[in-house]
Structure formats: structure tokens, C-alpha cells
Amino acid sequence: MSMHAPTLWARLFSQTARSNWIWVQFVNYSRSHVMSVLEAGIVRGQLLIEDHEGKHVYGESDCKRPVTMTIRSDDVWARIVLSLDMGLSEAYMSGDFDVSSLKDMFDLWIDNRHTLRGLTTLLNTITAYMSAFAIFALGKQKPSMALKNVQEAYDTSNEFFQCFLSSEMMYSCAMWSDADGGIRGDLTARGSQPDDLHNAQIRKIHHILNNARVKPGYRLLEIGTGWGAMSIEAAKLGATVDTVTLSIQQKVMTEKRAAEAGVADRVRVHLLDYRQLPEDFKGQFDSFVSCEMVEAVGLRDHPTYFKVIDWALKPDRGAACITATAMPEFRYTTLQPDDFARHYHWPNTFLPNATYFPQAAQQAVPGRLILHSVEDHAMHYPRTLREWGYRLEKNFEGEVVENLIKEHPQLADPKSLEAFRRKWFYMFDYAAAGYAKAYTALNCWTFARPEYPVDCCD
């Protein structure tokens, strides 16, 4: 299905004989169960399902934007009963159904989730709890596991990420302003302009660097290099940057791009785990940044993470800016089960929340990192994700696909390649719906040394 290992249930579907009597009965039961839940559970919006038995309409009769699902294989019903969120995503990637709009489907789910609780079955509940406990157990990850997670998330190929990211190669949320049409500018008559995403990403980078109080002559530590956009921009401001990554492909591209930008002498890329920093880093940094990386740290390593920041910053001055996708307090839990995003894009990630994270810092290094501010940038993510989708739709062809298949021969199978393509479009809309509905947050925390005010001058 993709470069990521399929789930247990996905492997079952690939091996099960569709003519098996028991399987057929289970699929029939699953279809009946799901449709009965939809009948009572869709109270906002409308869902139209088209399958071999005709059309089935659920929800409001006068809905202006109904969601139409066209069922290609009845396996979709069994997948939902067995693993719900994961099952629906795997059904889409496998081509078991098509939908008029992924975004509208996710909006429909979020709007009706409280009345669709009947979709939660004993089977998918057991699966969810098992995966949640497994992720919790992995909350303190060995460097070898962290390396594996990074390789699965980012070492697809540089060329693939270039086909949907803007020129600076920032794989995180942009920040939109009126200059590029704002957070909905692409949906207005103005539309999406070629430089909008790049300009919004540079704006976000400077916002984070400003929060971290980066100045000419300062030394900056970055954990999570990406493809070098943050470190290169900081070097252009006159800072010296040490940036840490576990991705070989990212290290190679960052060094190449730093040289092209004329700042290779001020950007040093280190291929190592953040817990294995050189001893001479101790107390040497004026600033620290980490952009949408801490999700991969794991709950049980948060104390270590903050201790590393404290250890690296100068003892009497320094600021740190950290951004991460987060769970709002109303649904935050330390037991976070495997789901589509964790399994197929960012393995074993743990999402903090806005109020827990500062508490974790104080518990790890009491009084050493003082919370200065907390921001929520979630409203900026849906357009970022849409912009990536526009680019992927346009550029996923020709050499991009040929080079991807060379690096990952399993994608030479047309079904696997299509599953890979659908996986990315599913993710863009899956994530966008969560941010747009405030179901998911994107927090930005700024910490500083005690008595190190924002306007501190040398």
C-alpha cells in the first residue's frame, strides 16, 4: 500500500478470500451495522451513499453541500467495524470507495462525532487501546527507534517533497497575511498566487526566529533540520546555526542549499540524535528553535528534551521557541492510539497540549525556562495544506514519479502507486479538517531564561 508497514487488519484484507462464507457474513453484518448507525447519527449535513443496492441518504434533506460516497468494494464496511479511523483511511487508499470531497467528509464526521459513537465497536476499541498502550510504552524511545521513525516520515525522497513544498522547502505550517490573501485567499476570486506559499513560510520562519530572539552574532541550536529553511534564514540574519537531524537526505540537501545561499560557513548540520549532542555544546547557545518536531519526542522523553534545551542554552540568557501540533485540553489524553496520521505519516508521535507542555518544562528544569507566551497557529494550517495539495496534484507525474519508483521499487505496481498518491491527499484534508474545526491545535511556545526580557540588549 505504501512504504509504511500495513496494519494487522490491512494485511488481513490482502490475504482474505472474498468468497469465504464467514467473511461474507461479517461484511454483510458490518454494512448493516454501519448504515444503522449512520441513519440515527447523521444529524448535521447530509451523506449520500451509492453502492450495489442503490442510493442511501442520511441526514438533513436540505443540505447545500452533501457528501457523496461511491462504494467500490463492500470491504469498506468491515474495515470500519474493525479499525474505524484507520480502516476508513485504508479503504480510501485501497480504492474501496471514492468521495465527492474528502474535506467535506471529514467535516461531516467532526460535526456528528458525538452522535456517531455507535461506530465504536468492541473490536476497534480493543485495537485502539492496544495501540495506545504500545505507543505509551514507546514513549521513551531509543535512538534507533527515533531514527526509524524519521526515515519512514521524511526519507521518501527529496524530489518528492520538492514537488509540493515551496522553494524554501518548509514542511510545516505557514503564516498568512493580507499580503497573500489571508487564510482563505486561495478560495477567493484572487486565488492562489505562485509566491504566496513561499512568502507565508518565510514570514513564519521570521516569526519563530524573532520569538527565539535571534540576532546577528548569536548562536542558534535547532533540533529538527527539515530541509534547512530555518537555519539558512537564521544564517542570513547573521547568526551561526547548529542544526540536528536524523535524516541523511535532509542533511545532504541542507548543506547543498546553505552553500548555494552563501551561508555554508554559518550552518553546521549534525546527523545525530538530540540526546547525543557534542559535549562542547553545553551552555553555548543564545537561542533554540524546534519547529513541529517535538511530536516525535514521545511523552516519556519530554523531561529529557527540556533538560537538553537547558543544558545547551547559556546559563544567564537565552530563549527557546517550540511549535507542535497539539491536542486541545477537551480531548487531551496521555493514551493516544495509532491512527492514520501516526501510522502512515509520523510514526509513534505524541501530541502535547497548550497547558501541559509548560508544566513539563517546569518539572524538568524548575525555574530555568520561564514561559513567555503561547500561541495557536491552527487557523493558518488549512490553507497551507490546500496549497500543498494544489502542488502535488500538478507535479506528481513524469520524473517525480519515475525517481520515486527508482528509490522505492514496490511503487512500480500501479495499485501501490495509486495508494501512495491517495495517502497524501487523504492526509492533507484529514489534517486540514482538524485544524479548521479547532479539533486540533498548533501551538507555539516561547520560553526564556529568568530575567531575560524581550528587549534585552547586549
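These values consider heavy atoms only, across backbone and side chains, with no hydrogens, waters or symmetry-generated copies.
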Pairing of Arg190 and Asp180 as salt bridge, 4.0 angstrom limit
no

Would you check if the side chain of Glu60 reaches a backbone N or O of Gly45 as a donor-acceptor pair within less than 3.5 Å?
yes

Any donor-acceptor pair under 3.5 Å from Thr115 side chain to Gly41 backbone:
yes

Ring center gap for Phe281 and Trp311 short of 6.0 angstrom
no

Within the distance-only criterion (no hydrogens, no angle test), does the side chain of Ser287 pair as donor or acceptor with the backbone N or O of Ala212 below 3.5 angstrom?
yes

Flag if over 12 foreign heavy atoms under 6.0 Å of CD, Glu399:
no

Using the rule given for side chain to side chain contact (heavy atoms under 4.5 Å, CB included), can you reason through Val67 versus Ser101, listing the C-alpha separation, both sets of side-chain angles and the distance that settles it, and then say yes or no?
CA-CA 7 Å; Val67 177; Ser101 166; over 6 Å; no

Between Phe288 and Tyr305, how do the two ring planes meet: parallel, tilted or perpendicular, split at 30° and 60°?
perpendicular

Ring centroids only, cut at 6.0 angstrom: are His377 and Tyr435 within range, meaning strictly under it?
no

When you look at CG of Asp178, are more than 12 heavy atoms from neighbouring residues, nucleotides or ligands closer to it than 6.0 Å?
no

Among Thr384, Ile205, Leu165, find the residue that satisfies the side-chain contact (heavy atoms from CB on, under 4.5 Å) test when tested with Met170.
Ile205

Among side-chain atoms of Asn211 and Glu375, is any donor-acceptor pair under 3.5 angstrom?
yes

Look only at the side chain of Arg317 and the backbone of Asp286, and say whether a donor-acceptor pair between them is shorter than 3.5 Å.
no

Below 4.0 angstrom, N of the basic side chain to O of the carboxylate: do Arg421 and Glu418 qualify?
yes

For the pair Phe350 and Tyr332, name the ring-plane relationship: parallel under 30°, tilted 30 to 60°, perpendicular over 60°.
perpendicular

Classify the angle between the aromatic ring planes of Tyr171 and Trp424 as parallel (below 30°), tilted (30 to 60°) or perpendicular (above 60°).
tilted

For the residue pair Tyr344 / Glu90, report whether a side-chain donor-acceptor contact shorter than 3.5 Å exists.
yes

Closer than 4.0 angstrom, basic N to acidic O: yes or no for Asp310 and Arg449?
yes

Decide side chain to side chain contact (heavy atoms under 4.5 Å, CB included) for Thr245 and Thr254; before the verdict, give the C-alpha distance in whole Å, the side-chain angles of both, and the deciding distance to 0.1 Å.
CA-CA 10 Å; Thr245 182; Thr254 298; over 6 Å; no

Over all atoms of both residues, closest heavy-atom pair of Val76 and Ala91:
CG2-CB, 3.7 Å

With a 4.5 Å limit on heavy-atom distance, are the side chains of Arg266 and Val241 in contact?
no

Distance-only, no hydrogens or angles: does the Asn353 side chain make a donor-acceptor pair with backbone N or O of Tyr356 under 3.5 Å?
yes

Hey, are Ser177 and Arg203 close enough side-chain-wise for a donor-acceptor pair under 3.5 Å?
yes

Could you tell me whether the side chain of Met253 reaches within less than 4.5 Å of the side chain of Arg257, counting heavy atoms only?
yes

For residues Cys291 and Ile208, determine if any side-chain heavy atom of one lies less than 4.5 Å from a side-chain heavy atom of the other.
yes

Among Phe106, Phe340, Phe164, find the residue that satisfies the ring pair (Phe, Tyr, Trp, His ring centres under 6.0 Å) test when tested with Phe428.
Phe164

Exam field: side chain Thr446 to backbone His372, donor-acceptor pair closer than 3.5 Å:
no

Could you check whether any side-chain N or O of Ser83 sits under 3.5 Å from a backbone N or O of Met86, counting only pairs where one atom can act as donor and the other as acceptor?
no

Between the side chains of Ser166 and Gln201, is a donor N or O closer than 3.5 angstrom to an acceptor N or O?
no

Are any of the side-chain nitrogens in Arg268 or Asp242 under 4.0 Å away from the carboxylate oxygens of its partner?
yes

Closest contact, heavy atoms only, Leu371 versus Ser373:
CD1-O, 3.6 Å

Output yes when Lys437 and Asp111 qualify as a salt bridge under the 4.0 Å nitrogen-oxygen rule, no when they do not.
yes

Output, in order, the C-alpha distance, side-chain angles, deciding distance and verdict of side chain to side chain contact (heavy atoms under 4.5 Å, CB included) for Leu351 and Trp346.
CA-CA 11 Å; Leu351 305 186; Trp346 301 283; over 6 Å; no

Are the side chains of His345 and Tyr426 in touch, meaning some heavy atoms are under 4.5 Å apart?
no

Which value, rounded to the nearest 0.5 Å, describes the distance between Ile202 atom CD1 and Lys236 atom NZ?
6.5 Å

Mind checking whether Ile322 and Ile309 have side chains closer than 4.5 Å, heavy atoms only?
yes

Validation row: Val252, Trp227 side chains within 4.5 angstrom (heavy atoms)
no

Heavy-atom closest pair (Asn395 atom, Cys163 atom, distance to 0.1 Å) is ND2-O, 2.8 Å

State, to 0.1 Å, how close Gly367 and Pro450 come at their nearest heavy-atom pair, and which atoms those are.
O-CG, 3.1 Å

So does His380 get a backbone contact from the side chain of Trp176, meaning a donor-acceptor N/O pair under 3.5 Å?
yes

Can you tell me how far the OG atom of Ser192 sits from the CZ atom of Arg383, to the nearest 0.5 Å?
5.5 Å

Are the aromatic rings of Trp109 and Tyr439 close, with centres under 6.0 Å apart?
no

With side chain to side chain contact (heavy atoms under 4.5 Å, CB included) as the criterion, how do Val244 and Leu221 come out once you've worked through the C-alpha distance, each side chain's angles and the decisive distance to 0.1 Å?
CA-CA 8 Å; Val244 176; Leu221 174 63; 4.2 Å; yes

Is Gln362 reaching over with its side chain to a backbone N or O of Phe357, donor-acceptor style, under 3.5 angstrom?
no

Residue pair His114 / Arg117, side-chain donor-acceptor N/O under 3.5 Å:
yes

Here the gap from Thr323 atom OG1 to Asn443 atom CG, rounded to the nearest 0.5 Å, amounts to 9.5 Å

For the CG atom of Leu385 and the CZ atom of Phe425, what is their distance to the nearest 0.5 Å?
12.5 Å

Check the pair Phe420 / Phe160 against ring pair (Phe, Tyr, Trp, His ring centres under 6.0 Å), numbers first and verdict last.
CA-CA 12 Å; Phe420 175 86; Phe160 171 71; 5.1 Å; yes

Report yes or no: is the cationic atom of Arg213 (NZ for Lys, CZ for Arg) under 6.0 Å from the centre of the six-membered ring of Tyr218, at an angle within 45° of the ring normal?
no

Here the pair of heavy atoms bringing Leu417 nearest to Leu411 is CB-O, 3.4 Å

Minimum heavy-atom distance between Asn403 and Glu159, given as atom pair plus value:
ND2-CG, 4.4 Å

Does atom CZ of Arg113 have more than 12 heavy-atom neighbours from other groups under 6.0 Å away?
yes

For the residue pair Tyr381 / Thr440, report whether a side-chain donor-acceptor contact shorter than 3.5 Å exists.
no

Measure the spacing between OG1 of Thr243 and CG of Leu220 and express it to the nearest 0.5 Å.
8.0 Å

Separation between CG (Asp339) and OG (Ser89), nearest 0.5 Å, reads 8.5 Å

Quick check against the 3.5 Å criterion: does Asn112 have a side-chain atom that pairs as donor or acceptor with the backbone of Ile42?
no

Distance flag, aromatic centroids of Phe447 and Tyr452, threshold under 6.0 Å
no

